[in-house]
Amino acid sequence: MATTRVETPPRPATTTPTNGRAGGAVTPDVASAAHQAFWLLRIGFTVAPILFGLDKFFNWSVHWPDYLAGWINNIVPGSGQDWMYGVGGIEIAAGLLVAVAPRIGAFVVAGWLLGIVINLLTKNPPEYYDIALRDFGLMLGALTLGRLSLAVVPARKAGTLPRRPW
């Protein structure tokens, strides 16, 4: 049986310490991919909180007060639906903040999602663990947007990235 060998080119030796950071300029493909990922996440984390925030007022998809942990319902004033009106307003504001200031808004959304995860983990355990896991993944996406925005927004303002990522 014949064997096929694939040889990879040798890696260039690094002569200066990099302190764990990539040395040299970022290739255009990586910069373009990061820019596109930034915009995909920015649009997603603008639209989703606004839509889910609106849904808190109308309960189109689910009856949102059913997801409120009892201990939270006991400490907030008013009914569970009253609380959901406030939640909806905060979610709409967070989505708008991502649209206009993603370096701030992404971390606000991530913090908000952490609060939702804590609420779901304490609401009739383990009934809502699947939804808590989904929201944990969304929180990681929001943190990724925050990290990308810390690099992409200044680079775009400095003119090192194209105005449009496509």
(Q) Looking at G146, is its backbone amide N or carbonyl O close enough to the side chain of S149 to form a donor-acceptor pair, meaning the two atoms are under 3.5 Å apart? (A) yes
Q) What pairs with V47 under side chain to side chain contact (heavy atoms under 4.5 Å, CB included), at least two apart in sequence or on another chain? A) I43, L51
Q) Run the side chain to side chain contact (heavy atoms under 4.5 Å, CB included) check on N119 and Y128 step by step: do they pass? A) CA-CA 9 Å; N119 171 68; Y128 295 106; over 6 Å; no
Q: Examine the side chains of D29 and S32 and answer whether a donor and an acceptor come within less than 3.5 Å of each other.
A: no
(Q) On a heavy-atom basis, which atom in N59 and which in P65 lie closest, and how many Å separate them? (A) OD1-CD, 4.0 Å
(Q) Same cluster or not: L138 versus V109, using hydrophobic residues (I, L, V, M, F, W, Y) connected whenever any side-chain heavy atoms lie under 4.5 Å apart? (A) yes
Q. Less than 4.5 Å apart, any side-chain heavy atom of M84 and any of S79?
A. no
Q.
Let me confirm one number: the CG-CG distance from N73 to D82, rounded to the nearest 0.5 Å.
A. 10.0 Å
**Q.** Residue list, side chain to side chain contact (heavy atoms under 4.5 Å, CB included) with T144, at least two apart or on another chain
**A.** L41, L148
Q) How many angstroms lie between atom CD of Q81 and atom NE2 of H63, to the nearest 0.5 angstrom? A) 5.5 Å
Q.
Within the 4.5 Å heavy-atom criterion, are R134 and I116 side-chain neighbours or not?
A. no
Q.
Within this structure, what is the CG-CZ distance for the pair L97 and F45, rounded to the nearest 0.5 Å?
A. 13.5 Å
Q) Under the side chain to side chain contact (heavy atoms under 4.5 Å, CB included) test, which residues partner L96, sequence neighbours left out? A) I50, I92
Q: Please report the shortest heavy-atom distance between L113 and A142, naming the atom on each side.
A: CD1-CB, 4.4 Å
Q.
Any heavy-atom pair between the side chains of L133 and D130 that's under 4.5 Å?
A. no
**Q.** Neighbour count above 12 (heavy atom, 6.0 Å) for W83 CH2
**A.** no
Q) So how far is it from D55 CG to W60 CH2, rounded to the nearest 0.5 Å? A) 6.5 Å
Q) So do V117 and M139 actually touch side chain to side chain, heavy atoms under 4.5 Å? A) no
Q) What are the two closest heavy atoms between A151 and P154, and how far apart are they? A) O-CD, 3.6 Å
Q) Roughly how far, to the nearest 0.5 Å, is the CZ atom of R147 from the CZ atom of F38? A) 12.5 Å
Q) Going through the checks in order, is the side chain to side chain contact (heavy atoms under 4.5 Å, CB included) test met by W112 and F107? A) CA-CA 8 Å; W112 188 252; F107 294 109; over 6 Å; no
Q.
With rounding to the nearest 0.5 angstrom, report the CZ to CG distance, R156 to L161.
A. 8.5 Å
Q | Side-chain touch L68/K123, heavy atoms, less than 4.5 angstrom | A | no
(Q) In this structure, would L143 and L150 fall into the same cluster of hydrophobic residues linked by side-chain contacts under 4.5 Å? (A) yes
**Q.** Hydrophobic cluster membership, F136 vs L114, 4.5 Å side-chain cutoff
**A.** yes
Q: Take atom CZ of F52 as the centre, draw a 6.0 Å sphere, and report whether it contains more than 12 heavy atoms from other residues, nucleotides or ligands.
A: no
Q.
Could you check whether any side-chain heavy atom of L120 comes within less than 4.5 Å of a side-chain heavy atom of Y129, counting everything from C-beta outward?
A. no
Q: May I ask whether F57 and W64 are part of the same hydrophobic cluster, defined by side-chain heavy atoms of I, L, V, M, F, W, Y residues being less than 4.5 angstrom apart, directly or through others?
A: no
Q | hydrophobic_cluster_shared for L54 and I90, side chain cutoff 4.5 Å | A | no
**Q.** Exam field: side chain R103 to backbone V153, donor-acceptor pair closer than 3.5 Å
**A.** no
Q | Minimum heavy-atom distance between G44 and P49, given as atom pair plus value | A | O-CD, 3.9 Å
